[in-house]
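Just so you know, ligand 1 is whichever comes first in the structure, and atom 1 is the first atom listed for that ligand. Residue indices begin at 1 and follow the sequence shown. A quick note: this is a predicted structure, and the numbers were derived from the prediction, not measured. Because only heavy atoms are used, hydrogens play no part in the values below, and waters and symmetry mates are left out as well, while side chains stay in.
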Amino acid sequence: MTYDLRGKKVLVTGASVGIGAALAKGFAERGAVVGICARREDKLAEVLAHLKQHSPDSRSWAVDLADLDGLAPFAAKVVDELGGVDVLVNNAGIPKRRKVMALTPEVVESTMAINYFSPIRLTLALLPQLVERKGRIVNISSIAARLGPPGEAAYSATKAALTAWSESMQVDLTLADTGVLVHVVNPGIIDTDLFSLPDNDAPPPSIEALPVETMVQPVVDQLDSGLFELYVPEYLGEVAKNKAADTGAFLQSTIAWSRANNPA
Ligand SMILES: NC(=O)c1ccc[n+]([C@@H]2O[C@H](COP(=O)([O-])OP(=O)(O)OC[C@H]3O[C@@H](n4cnc5c(N)ncnc54)[C@H](OP(=O)(O)O)[C@@H]3O)[C@@H](O)[C@H]2O)c1
């Protein structure tokens, strides 16, 4: 199977910086017409200038994706102004590094709103369009969805929800013979602003972050192959398998590792 991106209409959320910007550029460089959105207009303008060098019909919209009631009208606007959507990349997201004892229901729920309810609203609003075009849905989840790292209960749960949703959605869409493929992407640690945003605990020590460009070719290959779940870097898939084989033992190792690396 191959997936020819030339002329495809691709919407990437959260593409003002970071992984979303890198993916948007990668798609435009391969001939896709790319729509990008996020809140910061100045950052979007920088990315759009790059997109237009490769794909002049690319577009951008400044939008707060946490405004859930605005998402259906936004989806309609994108379909209208981009001329359709073949690929939806649900990438926008926020971190939440905070120990569970310090979490409040409001923080948990607002993290869920942007990382889970928002991509789901957008997906549902665009689903008729994606079915009509036998499209693709790429959900940027996280290795946190599979491993539940320390200090990230609120964040991990949002990503686990997105992954579980993706699994069931793929089954439903296949049983209904829609031809729509769903893809889950689990980045490990990628060098973006995610680790320096305010209102979060410090990231774990001694983490080695990969450059954002590392994400692009694996996701393009994933569209080509139809692979459901991608890990970047790939070895994290093995770690997730080991965890699934004995979750209790994995939690004990996580506790021991955390004690050794973050002495109180
Ligand atoms: N970096 C990693 O190591 C890593 C690992 C696993 C998973 N991920 C996931 O990868 C995705 C991208 O993260 P990143 O690392 O590239 O982080 P980032 O550099 O902080 O980028 C996040 C993007 O989401 C947008 N965004 C956040 N809140 C938004 C809102 N309310 N409305 C509209 N846009 C919003 C931001 O744009 P504005 O601020 O301009 O709105 C930005 O473009 C996220 O879903 C993240 O959870 C990242």
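- At most 12 heavy atoms of other shown residues, nucleotides or ligands fall within 6.0 angstrom of atom NZ in Lys77.
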Find all protein N or O atoms under 3.5 angstrom from an N or O atom of ligand 1 and list the pairs with distances, or write 'none'.
| from | atom 1 | to | atom 2 | distance (Å) |
| --- | --- | --- | --- | --- |
| ligand 1 | 1 (N) | Ile190 | O | 3.1 |
| ligand 1 | 1 (N) | Thr192 | OG1 | 3.2 |
| ligand 1 | 3 (O) | Gly188 | O | 3.3 |
| ligand 1 | 3 (O) | Ile190 | N | 2.7 |
| ligand 1 | 3 (O) | Ile190 | O | 3.4 |
| ligand 1 | 15 (O) | Thr192 | OG1 | 2.6 |
| ligand 1 | 16 (O) | Ile19 | N | 2.8 |
| ligand 1 | 28 (N) | Arg39 | NH2 | 3.3 |
| ligand 1 | 31 (N) | Asp64 | OD1 | 2.8 |
| ligand 1 | 32 (N) | Leu65 | N | 2.8 |
| ligand 1 | 37 (O) | Ser16 | OG | 2.9 |
| ligand 1 | 39 (O) | Arg39 | NH2 | 3.0 |
| ligand 1 | 39 (O) | Arg40 | NE | 3.1 |
| ligand 1 | 39 (O) | Arg40 | NH2 | 3.1 |
| ligand 1 | 40 (O) | Ser16 | OG | 2.8 |
| ligand 1 | 40 (O) | Arg39 | N | 3.4 |
| ligand 1 | 40 (O) | Arg40 | N | 3.0 |
| ligand 1 | 40 (O) | Arg40 | NE | 2.9 |
| ligand 1 | 41 (O) | Arg39 | N | 2.8 |
| ligand 1 | 41 (O) | Arg39 | NE | 2.7 |
| ligand 1 | 41 (O) | Arg39 | NH2 | 3.4 |
| ligand 1 | 43 (O) | Gly14 | O | 3.0 |
| ligand 1 | 43 (O) | Ser16 | N | 3.3 |
| ligand 1 | 43 (O) | Ser16 | OG | 2.8 |
| ligand 1 | 45 (O) | Asn91 | O | 2.7 |
| ligand 1 | 45 (O) | Lys159 | NZ | 2.8 |
| ligand 1 | 47 (O) | Tyr155 | OH | 2.6 |
| ligand 1 | 47 (O) | Lys159 | NZ | 3.2 |

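- Evaluation of the ring pair (Phe, Tyr, Trp, His ring centres under 6.0 Å) test over residues 24-60, restricted to residues two or more places apart or in two chains, returns His50-His54.
- No hydrogens or angles considered: a donor-acceptor pair under 3.5 Å links the side chains of Ser55 and Ser58.
- The side chain to side chain donor-acceptor pair (under 3.5 Å) test applied to Asp221 returns Gln217, not counting sequence neighbours.
- A donor-acceptor contact closer than 3.5 angstrom links the side chains of Asn90 and Thr123.
- With sequence neighbours left out, the side chain to side chain donor-acceptor pair (under 3.5 Å) criterion links Glu234 to no other residue.
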